[in-house]
Amino acid sequence: MRTLRIRIAYTKVEEAKYIAHLDLSRVFERACRRAGIPLAYSQGFNPHPKIAFGSALAVGVEGEQEYVDLELEKEMDLKELLGSLQEQLPKGIRLLEGRQINPKARALMAVLNGATYQIRTSLTLPLTEEKLQKAINDWMDRSYIPYIRYNKKGRVEKDIRPWVKELKGKIKDHEVIFDLEVEIGNQGSVRPEEVIASLKKLEELPLEMEFLRIRRTGIFVSYEGKKVSPLEQEAFGK
Amino acid sequence: MKYTDGAEIREAIEQYLPKVMKPTRYLGAEWNTVVKNWDEVKVRMAFAFPDVYEVGMSHLGLRIIYHLVNSYEDFLCERVFAPWVDMEEIMREKEIPLYGLESFRPLKDYDVVGFTLQYEMSFSNILNMLDLAGIPWRCEERSPEDPWIIAGGPCAYNPEPLAPFVDFFFVGEAEETLPQLLHMIQEQKENPVSRKEFLLKVAQVEGVYIPELYKVDYKEDGRIASITAEPGAPKEIKKAIVRDFDNSFFPTKPIVPYMEIVHDRIMLEVMRGCTRGCRFCQAGILYRPVRERSPETLLKQVDEMLKSTGYEEISLTSLSSGDYTCIQPVVQEILDKYSKDKVSVSLPSLRLDSFDVKLAEEIQKVRKTGLTFAPEAGTQRLRDVINKGVTEENLLETAESAFKSGWSSIKLYFMIGLPTETQEDLDGIASLAKKVADLGSKLGRRNVRVTVSTSSFVPKSHTPFQWEPQEGMLSLDRKQKYLREILRDRRIKYNYHDVETSFMEGVFAKGDRRLADVLELAVKKGCKFDGWHEHFKYDTWLEALEEVGLDPHFYANRAMDYDDVLPWDHIESGVSKKFLVHEHHKALKESLTLDCRFVDCTGCGICPERELQNDLKG
Ligand code: SF4
């Protein structure tokens with residue numbers, strides 16, 4: 001039997017941003033079942049639907065362009081699939097585009113290696129544009145930026161600088177809007193809130209940290225200096 | 001409270017969602033949620049489940065009541081759960097009131113807040129939730145602008161510890177009477193009469209119990225002298241019962257949560273009631289007689305629910321689904337029709353005979369589920385006392401066929417502290433567990449795993465054992481330690497509950513109204529989530545009892561006399577006291593009472609009194 005693989009770009013915004021990554025697969029599975037989409041399942045006692053995502057989005061972070069791969073058991077018209085799936089998805093998950101991809105294409109997890117974020121936060125004290133730019137430049141000029149994380153093993157210090165490719169910021173009213181580009185590797189990555197927290201601390205910026213509003217504006221395949229969408233077939237197999 | 005309208009509350013809550021565990025507990029907006037226009041309905045109800053979201057959403061009663069009320073054009077029903085401690089802390093600190101999940105309106109805005117009473121140890125959460133909502137606890141402290149506080153569920157059969165806090169209790173099955181009450185509330189909103197006049201009117205609805213219309217007097221030794229109904233209120237409250245169960249309301253578009261809940265699947269209610277007659281079992285009395293749904297109805301419901309939910313598993317629920325007379329054809333038909341879509345079936349309550357193993361095997365073809373049996377007692381003698389009509393032979397045969405069909409792990413449930421229990425009965429638990437494990441090893445199964453779980457017997461109201469004392473904590477504790485010793489075997493795992501929780505459960509299960517003061521004080525001192533081991537504050541409960549001046553042993557560990565006035569004597573399950581006394585006698589004589597589904601009526605009394613009969617479809 002020929003299995004069909006579909007790659008879909010979607011948003012995860014509004015209420016849907018609170019759906020945990022672990023629950024997302026179930027949300028898609030049930031939506032597909034309601035929509036009558038013939039998902040392929042793994043073999044064995046506990047068959048799992050063949051649904052695979054790219055890099056996880058933290059709870060509360062909106063995603064403007066996320067990706068999922070679905071494997072089908074039999075052919076289905078793509079337009080019809082997208083239309084009927086959309087009807088069964090919660091508010092905030094909007095399907096943007098879908099393509100049939102090569103069944104042998106590498107998994108999203110394996111190809112996605114870069115992401116951009118927009119982070120908005122309030123100023124706790126006035127700040128000039130100049131000072132902000134200088135702080136960002138100074139921070140970017142550092143060659144080693146330690147960040148402390150806590151995990152099961154305890155306290156771990158990590159250099160987060162290598163993951164940050166670009167950081168820009170501008171002041172608008174009482175808010176700072178940052179645009180951040182990070183690399184995602186198989187060693188992990190850096191979380192946007194870690195970058196902002198480090199910036200605040202090392203460059204002494206008056207940023208409000210409790211309620212950061214974070215959006216992932218894109219996630220992509222960075223290839224020869226270009227950002228390529230995982231929907232573009234050329235990016236695979238190379 | 002700082003926030004008073006839905007939009008504000010929503011905004012405030014959303015700010016904190018990324019900071020709490022499992023944020024979708026507090027968000028609403030799941031698939032199949034019913035969101036109605038607040039201003040277009042006449043009566044607004046909040047269904048309140050006094051535990052966390054994932055427990056409450058797994059409850060079939062919630063699914064039924066929520067969609068039932070919403071099926072009326074003039075009514076709206078929203079949901080509210082006990083926020084987990086992390087969220088509660090934020091809500092208290094930021095003064096965000098408890099709200100309904102659909103509209104985010106504060107609970108105070110609703111006309112009715114209806115709690116479900118599944119378990120005595122959730123009582124503290126009821127008061128805590130009212131507090132979070134800024135609603136006064138006692139009926140007498142509330143104003144006409146506050147919602148009516150109502151409650152139903154199994155604990156409504158002895159609701160006395162909650163008497164001062166609840167306006168109306170629903171005794172029995174509320175599918176038909178709840179809409180009737182909501183209509184009355186609508187009328188009261190439109191043309192109000194005095195509280196007293198209204199209460200007396202509502203008191204006429206079948207199964208409605210209004211504690212303030214009943215006066216309880218006590219003897220000097222603390223026992224109840226009398227329970228007197230006010231003129232105009234019924235002397236006895238008869239449980240409400242669904243007569244035409246096959247055609248009664250059942251929701252086929254249940255809500256599908258985002259997060260994983262305890263029972264994350266379609267629940268198909270195949271029947272109601274159980275007449276096996278286990279003498280410790282309260283549900284077996286409360287839901288008599290047996291009423292089954294027809295296969296046609298069930299299959300139609302399955303079809304609708306698979307389409308509306310996208311669930312991949314169907315659980316056939318009831319008190320004992322293996323007894324449903326059409327179980328085999330229904331399971332077969334579901335599997336024939338839907339196993340190609342990877343739909344699986346599970347049976348949460350299995351009976352101990354080989355018929356079920358065949359069935360279980362059938363079910364196993366698609367997905368693996370565990371095998372669980374509840375012999376409840378370790379010897380035939382004690383099983384006869386509790387009228388659990390299974391033999392060791394039954395169990396071993398079943399275990400044998402289960403091992404032969406490929407299972408390697410079996411769970412066994414027992415109770416300790418049952419009336420007349422002796423050392424021999426404890427040894428019996430161990431020897432049964434060993435026999436099962438040996439059988440598995442003999443049949444060549446590797447990784448044989450037998451999990452033995454014991455719970456401590458809590459005498460419950462309306463059962464033949466209601467007069468029995470609960471066994472003391474010390475001796476229960478000793479029994480658990482003894483079992484832990486004699487169950488040492490690498491193939492056997494032993495689980496047990498802490499005895500303090502069972503003791504408090506015993507106090508409230510047989511408690512009276514005076515305990516309301518204790519409950520109030522305990523919640524003020526911080527008690528909540530008592531059913532959660534990590535939150536249960538035993539010492540605080542003892543302190544509260546002490547300060548109020550009540551002795552917990554008086555409730556839990558005292559044998560009651562047949563002619564004592566019981567705190568729940570005015571509430572009728574339909575099963576006669578005469579029958580319960582008779583069953584109690586028979587228990588002590590180790591004499592069995594058969595299941596009236598398969599032999600003649602054994603005389604519990606409900607059928608002739610309510611002009612009903614067991615309604616079997618097979
Ligand atoms: S009245 Fe008789 S037939 Fe009906 S439930 Fe009771 S024992 Fe069974």
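These numbers come from the heavy atoms of this one structure, side chains and all, not from hydrogens, waters or symmetry mates. Residue numbering restarts at 1 for every chain, and letters A, B, ... go by the order of the sequence lines.
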Trainee: How are the rings of F81(B) and Y53(B) set to each other: parallel, tilted or perpendicular (split at 30° and 60°)?
Mentor: perpendicular

Trainee: Whether K22(B) and E54(B) form a salt bridge (side-chain N of Lys/Arg under 4.0 Å from carboxylate O of Asp/Glu) is what I want to check.
Mentor: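 A salt bridge links E54(B) with K22(B).
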
Trainee: Tell me, for K19(B) versus chain A, whether the close heavy atoms (under 4.5 Å) come from the side chain, the backbone, both or neither.
Mentor: side chain

Trainee: Using a cut-off of under 4.5 Å for heavy-atom pairs, which of E210(A), K17(A), R26(A) has the most such pairs with chain B?
Mentor: R26(A)

Trainee: Examine the side chains of S122(A) and E208(A) and answer whether a donor and an acceptor come within less than 3.5 Å of each other.
Mentor: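 No - no donor-acceptor pair under 3.5 Å links their side chains.
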
Trainee: Given the options L22(A), V27(A), L89(A), which has more heavy-atom pairs under 4.5 Å with chain B than any of the others?
Mentor: L89(A)

Trainee: Quick check on R10(B) against chain A: is it the side chain, the backbone, both or neither that has a heavy atom closer than 4.5 Å?
Mentor: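 It is the side chain, since no backbone atom gets that close.
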
Trainee: With a 3.5 Å cut-off and no angle check, do the side chains of E30(B) and T33(B) form a donor-acceptor pair?
Mentor: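 Short answer, yes.
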
